[in-house]
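These notes are about the structure you will find just below.
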Amino acid sequence: MVRSADAGRSSSERILDAVRRVPAGKVVSYGKVARLAGLPGAARQVGYAMARLDGESDVPWQRVVRSDGSLAPRGGGLASCGMKEQRRLLEGEGVGFGADDRIDLARYGWRPEPPPE
DNA sequence: AAGTTGACTATTT
DNA sequence: AAAATAGCCAACT
């Protein structure tokens, strides 16, 4: 029988797949990714999936930011470790940061289906 | 096997 | 406005 393309895939893999859909120059919040992955409300799971990502993965984890447009400080000691890199990469894709180190979601927030104006 | 942790978000105080 | 609380689900110990 036909099964959805995600059948058999773990939720985490669906999350990664959703992040892969994010175009460069745009950012998406964890909750949004969770929703796209089919796990509404599981924003934490999205972050967890990113945390265990490998540098070899083709997943643009940097395009995933917090709901308020700020970057996510990796909870542990070497916090800013990946965070600074994240900002640099986003700026390299054309994403601008505000004076509060925040991204303007109204401008760079990616929409799965951007409605024509 | 059971309990704790965690790159989150939205609600309430 | 900022801080605390609850809800989420998988991985880790």
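Here is the naming used below: chain letters follow the sequence lines, and residue numbers restart at 1 for every chain.
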Where along nucleotides 8-13 of chain B does protein come under 4.0 Å, by heavy atom, of base (B) or sugar-phosphate alone (S), with - for untouched nucleotides? BSS---
Looking at residues at least two apart in the chain, or sitting in another chain, which of them share a side chain to side chain donor-acceptor pair (under 3.5 Å) with Ser57(A)? none
Taking only residues two or more places apart in sequence or in another chain, which ones pass side chain to side chain donor-acceptor pair (under 3.5 Å) with Asp104(A)? none
Applying salt bridge (charged side-chain N to carboxylate O under 4.0 Å, His left out) as the test, list every pair that has at least one member in residues 57-66 of chain A; sequence neighbours left out. Arg20(A)-Asp58(A), Arg63(A)-Glu93(A)
Of all residues at least two apart in sequence or in a different chain, which pass the salt bridge (Lys or Arg N to Asp or Glu O under 4.0 Å) check with Asp101(A)? Arg87(A)
DNA chain C: first to last nucleotide in contact with chain A (atom under 4.0 angstrom from a heavy atom), 5' to 3', is dG7(C) to dC12(C)
Show me the side-chain donor-acceptor pairs of residues 22-49 of chain A shorter than 3.5 Å, one per line, residues at least two apart or across chains.
from, atom 1, to, atom 2, distance (Å)
Ser29(A), OG, Lys32(A), N, 3.4

Using a 4.5 Å cut-off on heavy atoms from C-beta on, say whether the side chain of Ile15(A) contacts that of Val59(A). no
Please examine the side chains of Leu71(A) and Phe97(A), heavy atoms only from C-beta on, and report whether any two atoms are closer than 4.5 Å. yes
